[in-house]
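This report refers to the structure that appears directly beneath it.
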Amino acid sequence: VDGYQTAKVHNLYFDSGGKNYIFDKFIAFGNANKDLLCKSYDIHIEQCILAEPSIISLHKVKSTNISKQYDAIILAYSQHSSPTYFYDPYTIVKDIVLLLCELGIYNIAIKIKPGDKNMNHIKLNDYLYKGSDENITSETTIEYLTGKLSDHVLKSNCFIGQLSTALVE
């Protein structure tokens with residue numbers, strides 16, 4: 001069940017007796033997550049599996065021999081992600097691009113989630129380059145990426161944005 005760690009009502013995940021979880025195993029993404037699951041939810045350590053997403057294994061194996069195409073890849077926020085409940089996702093992406101420019105990072109890609117009808121490269125490009133007091137520097141190059149994240153993960157060592165359980169898939 002995706003997102004069970006963030007649910008407020010945990011009694012939904014117990015059996016009819018209310019004593020045992022309905023899950024046999026829990027997957028933790030890192031030791032801190034494993035500690036949190038075991039301590040906060042009183043899960044036995046044997047039930048908690050420490051997982052390393054295949055995309056990370058792929059990155060460890062292949063990244064040493066590949067020159068990076070981008071200095072940074074921004075994972076564009078969709079309208080439904082938590083940081084955008086109160087902020088415009090276009091503003092968030094532009095703020096990140098401006099910060100990267102301040103840091104001297106100019107070779108940037110923006111990964112747009114496939115099927116996201118609220119975020120598109122034409123509108124984003126207009127937003128980045130038109131009608132603002134703060135402008136993107138002329139030495140900045142921005143490319144827009146689409147498709148699966150796994151197709152782009154080896155193109156940079158720096159990813160900015162939200163990563164989800166899609167990494168496991």
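Quick caveat, the model's predicted, so the values are computed rather than measured.
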Find the distance between OH (Tyr144) and NZ (Lys111) and round it off to the nearest 0.5 Å. 14.5 Å
So, the side chain of Asn107 versus the backbone of Gln69: is there a donor-acceptor pair under 3.5 Å, distance only? yes
Note, Tyr70 side chain near Thr141 side chain (heavy atom, < 4.5 Å): no
Any chance CD1 of Ile45 has more than 12 other-residue heavy atoms, nucleotides or ligands included, within less than 6.0 Å? no
Atom pair CG (Asp71) and CD1 (Ile105), whose distance is rounded to the nearest 0.5 Å: 6.5 Å
So how far is it from Cys38 SG to Gln47 CD, rounded to the nearest 0.5 Å? 8.5 Å
Side-chain heavy-atom pair Cys158, Ile73 within 4.5 angstrom cut-off: no
Which of Leu99, Leu100, Val93 passes side-chain contact (heavy atoms from CB on, under 4.5 Å) with Ile96? Answer is Leu100
So, Thr140 side chain and Ile136 main chain: donor-acceptor pair closer than 3.5 Å or not? no
Ile49 and Lys34, any side-chain heavy atoms less than 4.5 Å apart: no
Beyond-backbone contact of Lys148 with Asp151, side-chain heavy atoms, under 4.5 angstrom: yes
Residue from Leu128, Leu145, Thr146 passing side-chain contact (heavy atoms from CB on, under 4.5 Å) with Ile110: Leu128
Are the ring centres of Tyr41 and Tyr21 closer than 6.0 Å? no
